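Because the structure is a prediction, the values reported are computed rather than measured.
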Amino acid sequence: MRIEVVPTVEEIRFDQISNHVVIVIDVLRASSTIVTALGNGFVCVIPVETIGQANSLRAADCLLAGERHCRKIPDFDCNNSPTEIYATRKPGKRLVLTTTNGTRAIQKAERASKLLIGCFLNATACIRHALTYHLDITLYCAGTRSEFALEDGLAAGLMIVQAQKALANIQTCDLGEALKASYLYYADKLSEQLLQTTTGKRLASHHFADDLRFCSQVDHFQLVPYVKDKRILPHLVS
């Protein structure tokens, strides 16, 4: 079994999707928002690429969440903010989500054998569940503004660490080895490091430092979001 890492949303290839388990990683903030929503009582998350698609799904049992370049979309209920979603207790509701990079990555990988959503908040549960399919795994980092995002890479590194603990003979690419080493270096100071990343600095300048601290929590949730019929549903890990 092998783990590949894709560094940005644009760089995914078909051979990294076909017959693979793909884990979309967008730590700041789509993956973290999705995990938090499903851990906080939303029955599903519906990822869409455009604002128009989101507006077309408006309904009494739906909340609309989204951002463009950190800013909340006008007339939406919530930003793409895990702390805001965590404070919004809406059991039984659906969340419609559109973001700059994360939802694009989900749509580009929709032909994967299994498509999961991961971040620091559910890293161990996510990679261990991915291993149960006995397929090669692609860790698909969304990145930021067409560039690699260190926070996504550190979460991928953590998943590789946990995968190799579970299966000693698992292989990874050179980028995966570098990201594993980076995670091990920063493991005890993730919260501080997220404040220093390009995306972290941008979010902090928009007064989202609380999101950075929240997103840096490792294994806060024991659930694995998976994509089925264009919806994201929770798989609870016992």
Side-chain angles (χ1 to χ4, degrees), residues 7-9 24-42 45 47 51 54 63-90 95-106 117-126 139 141-159 179 182-223 225:
T8 70
V9 68
V24 171
I25 303 172
D26 186 2
V27 170
L28 299 176
R29 297 169 284 172
S31 292
S32 300
T33 295
I34 291 165
V35 170
T36 301
L38 295 176
N40 204 35
F42 284 88
V45 177
I51 296 171
L63 265 69
L64 270 59
E67 54 80 26
R68 287 297 182 268
H69 304 300
C70 300
R71 291 183 170 85
K72 176 176 169 288
I73 297 169
D75 300 322
F76 273 34
D77 300 293
C78 302
N79 200 312
N80 171 34
S81 166
T83 57
E84 187 174 354
I85 294 297
Y86 193 71
T88 304
R89 299 196 175 275
K90 298 288 184 181
L95 185 72
V96 178
L97 180 67
T98 180
T99 74
T100 306
N101 287 305
T103 49
R104 285 175 58 216
I106 292 167
I117 311 298
C119 55
F120 288 118
L121 294 171
N122 72 332
T124 300
C126 191
L139 303 179
C141 300
T144 180
R145 301 185 180 183
S146 301
E147 296 182 350
F148 171 70
L150 179 58
E151 63 276 1
D152 296 346
L154 292 174
L158 167 57
M159 291 182 195
L179 295 176
S182 296
Y183 167 74
L184 291 171
Y185 179 79
Y186 288 117
D188 295 330
K189 43 193 171 185
L190 286 176
S191 182
E192 295 88 346
Q193 186 56 36
L194 261 58
L195 283 164
Q196 301 305 315
T197 66
T198 299
T199 317
K201 290 177 180 177
R202 189 182 303 131
L203 285 168
S205 73
H206 286 86
H207 311 292
F208 287 113
D210 286 349
D211 273 354
L212 299 177
R213 287 186 285 270
F214 187 91
C215 293
S216 69
Q217 299 175 97
V218 172
D219 295 336
H220 186 71
F221 294 102
Q222 295 300 309
L223 65 87

**Message:** Please report the interatomic distance CZ(F208) to SG(C215), rounded to the nearest 0.5 Å.
**Reply:** 11.0 Å
**Prompt:** With a 4.5 Å heavy-atom cut-off, do S32 and C119 have their side chains touching?
**Reply:** yes
**Any side-chain heavy-atom pair of R29 and P82 under 4.5 Å** = yes
**Fill in**
All heavy atoms of A155 vs all of I25, minimum pair found to be CB-CG2, 3.9 Å
**Message:** Would you say that more than 12 heavy atoms from the other residues, nucleotides or ligands in this model lie under 6.0 Å from the CD of E147, or not?
**Reply:** no
**Prompt:** Are side-chain heavy atoms of E67 and T100 found at a separation under 4.5 Å?
**Reply:** yes
**Message:** Once you measure the plane-to-plane angle for Y86 and F221, does it fall in the parallel (<30°), tilted (30-60°) or perpendicular (>60°) bin?
**Reply:** perpendicular
**Asked** Mind checking whether L203 and C70 have side chains closer than 4.5 Å, heavy atoms only?
**Response** yes
**Asked** Which residues satisfy the side-chain contact (heavy atoms from CB on, under 4.5 Å) test with P225, sequence neighbours excluded?
**Response** I34, V35, L38, I117, N122, L223, I232
**Item:** Exercise: do D211 and T83 side chains pair donor with acceptor under 3.5 Å
**Value:** yes
**Reported OG1-to-NE2 distance for the pair T144 and H69, which is rounded to 0.5 angstrom** = 9.0 Å
**Prompt:** How long is the gap from OH on Y183 to CD on Q193, to the nearest 0.5 Å?
**Reply:** 13.0 Å
**Complete:** Value for CD1 (I73) from CZ (R68), rounded to nearest 0.5 Å, stands at 4.5 Å
**Complete:** Looking only at heavy atoms, the pair that brings L212 and G200 closest together is CD1-O, 3.4 Å
**Asked** With distance as the sole test, does S31 use its side chain to make a donor-acceptor pair with the main-chain N or O of V24 at under 3.5 Å?
**Response** yes
**Taking every non-hydrogen atom, the tightest pair across G153 and C141** = N-SG, 4.2 Å
**Item:** Given L63, T36, D77, the one that forms side-chain contact (heavy atoms from CB on, under 4.5 Å) with I85
**Value:** T36
**Prompt:** For the residue pair A123 and L158, what are the closest heavy atoms and their distance?
**Reply:** CB-CD2, 3.4 Å
**Asked** Is the closest side-chain donor-acceptor distance between T199 and R145 under 3.5 Å?
**Response** no
**Message:** Are the side chains of D219 and L121 in contact, using a 4.5 Å heavy-atom criterion?
**Reply:** no
**Request:** Taking the side chain as every heavy atom from C-beta outward, state whether C78 and T88 have any atom pair closer than 4.5 Å.
**Result:** yes
**Fill in**
Sorted by chain and residue number, the salt bridge (charged side-chain N to carboxylate O under 4.0 Å, His left out) partners of D210 (sequence neighbours excluded) come out as R213
**Asked** N79 and R71: side chain to side chain donor-acceptor pair (under 3.5 Å), yes or no, with the steps?
**Response** CA-CA 7 Å; N79 200 312; R71 291 183 170 85; over 6 Å; no
**Message:** Quick check: do V9 and D26 have side-chain heavy atoms less than 4.5 Å from each other?
**Reply:** no
**Request:** Report yes if some heavy atom in the side chain of T197 is under 4.5 Å from a heavy atom in the side chain of L28; otherwise report no.
**Result:** yes
**Request:** Might you point out which heavy atoms bring P47 and V45 nearest each other, and give the distance in Å?
**Result:** CD-O, 3.4 Å
**Prompt:** For the atom pair CZ (F76) and CG (L97), what is the distance rounded to the nearest 0.5 Å?
**Reply:** 9.0 Å
**Request:** State the CG-CE distance between L154 and M159, to the nearest 0.5 angstrom.
**Result:** 11.5 Å
